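Remember, it's a predicted structure, so these values are computed and weren't measured experimentally. Both backbone and side-chain heavy atoms feed into the values below; hydrogens, waters and symmetry mates do not.
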Amino acid sequence: MTTNNGLLLVDKPRGMTSHDVVARVRQILHEKKVGHAGTLDPMATGLLVLAVGPSTRLLRFAQSETKRYSGAVKFGVATDSLDADGEVIEERPVPELTIDLVDEAAAAMLGRQEQVPPMVSAIKIDGQRLHQLARRGIEIERPAREITVAAFSLRASDDPSVWRFDVECSVGTYVRVLLSDLARRLGTIGHLVELRRTQSGSHSVSDAVTLERLVEMVADGGKVLAPPATFVTGLEHVTLPDDQVRAVRMGQRVTLDAFFRDDEIAAIDTTGELVGVLQRRQDSWKPQLVLATPDKSARG
């Protein structure tokens, strides 16, 4: 049985893919079952939410969370990937930009909108990843996706062509596309030169560990994983008595006296451990996802 089960927040370094981070964590924890929510491009740094062991079944609850990023955009230069990892394809003069002008353009991009994913991305269309087609010089039509930008602000830097930004947006938003679109609104072109994810839902990069620190913590025998219940803090919770815990673990429906607004709730046992996720079925609740009985000897 696995000795690892829970949530791990990693501060991803620049230059590594999200898959690289997952592979390294597998080595550090000696655990095959590791997955992540919300891919970060190699040039990006910051918060990567990982699930370890049986908790990989809970990753969907982290996938849909609102994200916050900070970073920098360089105006006047465009790349084929819309970020600093791409090849420069065009240069243009940068008009004089004032904070009022930039704020007005950013404010116009708030709310729900349609966004076309970039060609240099991992999205699959007809079984092929877009970045693989892009490397062969092929560009195809991509269906737009609905996104939401909740907050978007910028500030000048010492370089008049480089502006720093903070953005809060929905899952699936390509920040490099957002900044490229902003550049066009300002009468120029631009590309992303720095990106850091600072928050995903209730999880903050301030609580994340570097890979180097993770190695040290494991070597010291320290606790490195948050409990599985951390994944479902956004769900309504119910604490089940022992007899109902047993019933849920056997896949049986249970009847609950309390009122719940949502049709999906988290079931907790009397020790605070996550038993699983229940789904409403008329007057009863059906186990939708059940975790194995926790191994009390588990590290983390």
Side-chain angles (χ1 to χ4, degrees), residues 7-25 34-51 59 62-75 77-79 81-86 99 102-103 105-106 109-110 115 117-118 120-122 131 147-183 190-215 226 230:
L7 174 141
L8 176 64
L9 303 180
V10 170
D11 189 344
K12 187 188 90 65
R14 184 166 183 152
M16 292 184 75
T17 66
S18 298
H19 179 74
D20 291 337
V21 173
V22 167
R24 182 69 182 115
V25 169
V34 180
H36 70 85
T39 300
L40 283 174
D41 290 334
M43 70 155 284
T45 67
L47 182 62
L48 192 63
V49 179
L50 276 69
L59 268 174
Q63 294 280 11
S64 60
E65 295 176 325
T66 298
K67 320 291 184 185
R68 290 184 181 177
Y69 299 90
S70 63
V73 57
K74 182 175 179 62
F75 295 120
V77 180
T79 68
S81 63
L82 308 182
D83 63 22
D85 284 345
I99 188 62
V102 175
D103 278 348
M109 302 180 72
L110 296 176
Q115 185 185 73
V120 181
S121 66
H131 65 78
I147 64 165
T148 300
V149 179
F152 190 20
S153 62
L154 293 97
R155 59 194 181 277
S157 72
D158 294 336
D159 182 340
S161 69
V162 175
W163 285 64
R164 302 203 61 82
F165 68 85
D166 294 285
V167 63
E168 180 180 344
C169 52
S170 62
V171 63
T173 302
Y174 282 90
V175 179
R176 51 195 162 109
V177 173
L178 191 70
L179 272 299
S180 177
D181 290 345
L182 174 68
H191 71 283
L192 191 67
V193 292
E194 182 185 324
L195 183 66
R196 181 167 178 79
R197 183 188 288 155
T198 58
Q199 194 158 342
S200 178
S202 61
H203 308 300
S204 171
V205 72
S206 62
D207 298 319
V209 296
T210 63
L211 291 173
E212 293 77 13
R213 178 58 184 148
L214 181 62
V215 170
T230 313

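Here Thr230 pairs with Leu7, His203, Ala226, Pro227 under the side chain to side chain contact (heavy atoms under 4.5 Å, CB included) rule; sequence neighbours left out.
Atoms CZ and CG, on Phe152 and Leu178 in that order, are 4.5 Å from each other to the nearest 0.5 Å. In this structure, NZ in Lys74 is found 14.0 Å from CH2 in Trp163, a value given to the nearest 0.5 Å. To the nearest 0.5 Å, the span separating OG on Ser70 from CZ on Phe165 amounts to 7.0 Å. Residue Ser204 holds its OG atom at 9.0 Å from CZ of Arg68, rounded to the nearest 0.5 Å.
Salt-bridge annotation for Asp20 and Lys12: absent, with no side-chain N of the basic residue lying under 4.0 Å from a carboxylate O of the acidic one.
The shortest side-chain heavy-atom distance between Leu9 and Val49 falls under the 4.5 Å cut-off. No side-chain heavy atom of Val149 sits less than 4.5 Å from a side-chain heavy atom of Met109. Residues Arg176 and Asp41 meet the side-chain proximity criterion, which asks for heavy atoms closer than 4.5 Å. Using a 4.5 Å heavy-atom threshold, the side chains of Arg213 and Thr210 count as touching. Within the 4.5 Å cutoff, the side chain of Val25 has heavy atoms near those of the Leu214 side chain. Side-chain contact between Val10 and Leu211 is present, with at least one heavy-atom pair separated by less than 4.5 Å. Residues Met43 and Arg14 have side chains in contact (heavy-atom distance under 4.5 Å, counting atoms from C-beta outward).
Of all non-hydrogen atoms in Thr45 and Pro13, the two that sit nearest each other are CG2-C, 4.1 Å. Taking all atoms of both residues into account, the shortest heavy-atom contact from Thr17 to Pro42 is CG2-CG, 3.8 Å. Closest of all the heavy-atom pairs between Gly190 and Ala183 is N-CB, 3.5 Å. When all heavy atoms are compared, the tightest approach of Ser200 to Leu47 is N-CD2, 3.5 Å.
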- Task: Kindly determine whether Leu8 and Val209 satisfy side chain to side chain contact (heavy atoms under 4.5 Å, CB included), including the steps that lead there.
- Result: CA-CA 8 Å; Leu8 176 64; Val209 296; 4.3 Å; yes
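At least one donor-acceptor pair under 3.5 Å links the side chain of Asp83 to the backbone N or O of Asp85. Thr173 places no side-chain N or O within donor-acceptor distance of the main-chain N or O of Val175, the cut-off being under 3.5 Å. A side-chain donor-acceptor contact under 3.5 Å links Ser18 to the backbone of Leu40. Judged by distance alone, with hydrogens and angles left aside, the side-chain atoms of Gln115 form a donor-acceptor pair with the main-chain N or O of Tyr174 at under 3.5 Å. At least one donor-acceptor pair closer than 3.5 Å links the side chain of Ser157 to the backbone N or O of Val162. Distance alone, capped at 3.5 Å, is enough to place a donor-acceptor pair between the Ser81 side chain and the Gly86 backbone.
Remark: of the listed residues Asp166, Ile99, Leu182, Leu182 is the sole one forming a side chain to side chain contact (heavy atoms under 4.5 Å, CB included) with Leu154. Checked against Ser180 for a side chain to side chain contact (heavy atoms under 4.5 Å, CB included), the options Val73, Leu82, Thr79 give a single hit: Leu82.
Residue pairs meeting the salt bridge (charged side-chain N to carboxylate O under 4.0 Å, His left out) criterion with at least one member in residues 192-209, sequence neighbours excluded, are Asp11-Arg196, Arg164-Glu194.
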